[in-house]
Protein chains: 2
Amino acid sequence: MKLSSGVEWSLHCCVVLSQATTTVPAAQLAKLHGVSQTYLAKHLQALARAGLIRSVAGQDGGYLLTRAGSAISVLEVVLAVEGDEPAFRCTEIRQQGLLAAPPKAIRKRCAIARTMAAAEAAWRDSLAGVSIADLADTIDADTGGVAMPRVRSLLASPTSR
Amino acid sequence: MKLSSGVEWSLHCCVVLSQATTTVPAAQLAKLHGVSQTYLAKHLQALARAGLIRSVAGQDGGYLLTRAGSAISVLEVVLAVEGDEPAFRCTEIRQQGLLAAPPKAIRKRCAIARTMAAAEAAWRDSLAGVSIADLADTIDADTGGVAMPRVRSLLASPTSR
DNA sequence: GCCACCTTACTCGGATAAGGACTGTCCGAGTCGCTAAGG
DNA sequence: CCTTAGCGACTCGGACAGTCCTTATCCGAGTAAGGTGGC
């Protein structure tokens, strides 16, 4: 089990975008975080397809959040990048081989699949309870109120544009 | 995010092993579930390395649980197959690029990493609360008490041996 | 002075290679049970 | 009848290819802003 590195990148980018008052190009987001510009673009496109961010083409274009940071959960970002398919996929082993279960038992979902699904639901609930704004607030608090003003300052500075 | 199919196989095998009174060869476990014999062996070896099952070589050899099914959690099986590394790995993006955080902020772990870790902890807690014996009981209940006796019967029959 | 058009530069978007992990397979080393011979 | 040595077959264990997904990259289509010429 491994999460794509794009999840981390996307979450950081969403926090930055939540501080922006105008569009931010993908190239600038890449420079701010020191990651591959072209590969980050791929993940931003996934976020755009999911409707979390919106793209503006042409001069002075870039990306912006479609909603307030407080209205976007971490779960939405993770699912947009990773896909909404469950991590555990039941292949119905119980219907194969010598142990093939009688049709009567097929009424209910496989107990193992239910157990794994319950765990994944707990994971999703945990992520659904945290918003992008919460992340920004926490990061700001961790740095004594320095981080977010600095982000806004860098976004406004024309040098990195 | 995708879990290895070996997780599903291993869990089913552990349920079967919890019903066995003697060793069960890997080949038989594969036939019971209709899966690849050689590939299943790979995952069983992982379970053995984790100390969940023990291998017995030679004639009438095979695998057996090292503990009672009630003393083995689903989480242990999943971690044995998937590895105990967390799904989300923080690469410390906050220290890279133009947004490189001041050293003062490095005292605490990245807020994003903490959020992801908390969700993963919830996932693990959920899986840790279910044992192999619980799975066996649930499967048995789902089938009206037919499944587990049938497993024991097939394990005892010499035809599949 | 105002408007329309054009040029320009910048942006995203999808199509295109390289690497690594999961999936699947094979054969060899080691071990236990059975057999048979000897005491 | 009991012990013991040898044989045989069965078991696991690690080493070896195939395929899919993640990672990384590139160039082309589209678009908005700014400048320019005409009215």
Side-chain angles (χ1 to χ4, degrees), chain A residues 1-10 13 17 20 22-31 33-64 66 78 80-83 85 87-89 91 93 158 160-161, chain B residues 1-10 13 17 20 22-31 33-64 66 78 80-83 85 87-89 91 93 158 160-161:
Chain A
M1 186 178 59
K2 193 184 63 173
L3 262 67
S4 165
S5 66
V7 171
E8 185 183 8
W9 298 11
S10 297
C13 285
L17 285 175
T22 177
T23 59
V24 184
Q28 187 181 13
L29 286 172
K31 283 182 194 167
H33 296 111
V35 298
S36 163
Q37 174 176 332
T38 53
Y39 188 33
L40 176 62
K42 196 175 191 61
H43 294 304
L44 293 176
Q45 287 168 27
L47 294 178
R49 271 192 294 271
L52 297 179
I53 64 178
R54 215 169 68 79
S55 66
V56 176
Q59 189 116 357
D60 291 349
Y63 289 99
L64 48 87
T66 56
V78 173
V81 175
E82 285 289 321
E85 292 178 6
F88 181 88
R89 257 102 73 182
T91 61
I93 284 185
S160 61
R161 185 91 195 196
Chain B
M1 186 177 60
K2 192 183 66 172
L3 262 67
S4 164
S5 66
V7 171
E8 185 183 6
W9 298 11
S10 297
C13 285
L17 285 175
T22 178
T23 59
V24 184
Q28 187 182 13
L29 286 173
K31 284 182 193 168
H33 297 110
V35 298
S36 162
Q37 173 177 334
T38 52
Y39 188 33
L40 176 62
K42 198 176 191 62
H43 295 303
L44 293 176
Q45 286 167 27
L47 294 178
R49 270 193 294 271
L52 297 178
I53 64 178
R54 215 170 68 79
S55 66
V56 177
Q59 188 114 358
D60 290 350
Y63 289 100
L64 49 88
T66 56
V78 173
V81 175
E82 285 289 319
E85 291 177 7
F88 181 88
R89 258 100 75 183
T91 60
I93 284 186
S160 61
R161 186 91 195 194

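Residue numbers begin at 1 in each chain, while the letters A, B, ... track the order of the sequences. Bear in mind that the values here come from a model prediction, so they are computed numbers and not experimental data.
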Would you classify Ala26(A) as touching base, sugar-phosphate or nothing, given that sugar-phosphate means primed atoms plus P, OP1 and OP2, and contacts are heavy atoms under 4.0 Å? sugar-phosphate
Whole-Å distance between dA32(D) C1' and Leu64(A) CG? 15 Å
For the CH2 atom of Trp9(B) and the CD1 atom of Ile93(A), what is their distance to the nearest 0.5 Å? 6.5 Å
Going by the rule side-chain contact (heavy atoms from CB on, under 4.5 Å), which residues pair with Thr38(A) if we only count those two or more places apart in sequence or in a different chain? Ser36(A)
Return the polar atom pairs (N/O with N/O) between nucleotides 24-29 of chain C and the protein under 3.5 Å, or none.
unit_1: dT25(C); atom_1: OP2; unit_2: Ser36(B); atom_2: OG; d: 2.9

For DNA chain C, whose closest nucleotide is more 5', that of Ser4(B) or that of Tyr63(A)? Tyr63(A)
State, to 0.1 Å, how close His43(B) and Gly6(B) come at their nearest heavy-atom pair, and which atoms those are. NE2-CA, 3.4 Å
For the pair made of NZ in Lys2(B) and P in dA21(C), what is the distance, rounded to whole Å? 13 Å
OG1 of Thr23(B) to CD of Gln28(B): how many Å apart, nearest 0.5 Å? 9.0 Å
Pairwise distance SG(Cys13(B)) to CG(Leu40(B)) - rounded to 0.5 angstrom: 4.5 Å
Classify the nucleic acid contact of Ala27(B) as base, sugar-phosphate or nothing, counting any heavy atom under 4.0 Å across all strands shown. nothing
With sequence neighbours excluded, what pairs up with Gln59(A) under the side-chain contact (heavy atoms from CB on, under 4.5 Å) test? none
Residues in salt bridge (Lys or Arg N to Asp or Glu O under 4.0 Å) contact with Arg89(B), at least two apart in sequence or another chain: Glu85(B)
Closest of dA33(D), dC12(D), dG33(C) to the Asp60(B) side chain is dG33(C)
Can you sort out the partners of Thr66(B) under side chain to side chain donor-acceptor pair (under 3.5 Å), two or more places apart, ordered by chain and number? none
Take Leu47(A) and Val81(A) through the side-chain contact (heavy atoms from CB on, under 4.5 Å) test and state the conclusion after the steps. CA-CA 7 Å; Leu47(A) 294 178; Val81(A) 175; 4.0 Å; yes
For residues 43-59 of chain B, which residues have at least one heavy atom under 4.0 Å from DNA chain C? Ala57(B), Gly58(B), Gln59(B)
Within the pair Thr23(B) and dT11(D), is there a side-chain N or O less than 4.0 Å away from OP1 or OP2? no
Atom-to-atom span, CZ of Arg89(A) to C1' of dC21(D) - whole angstrom: 11 Å
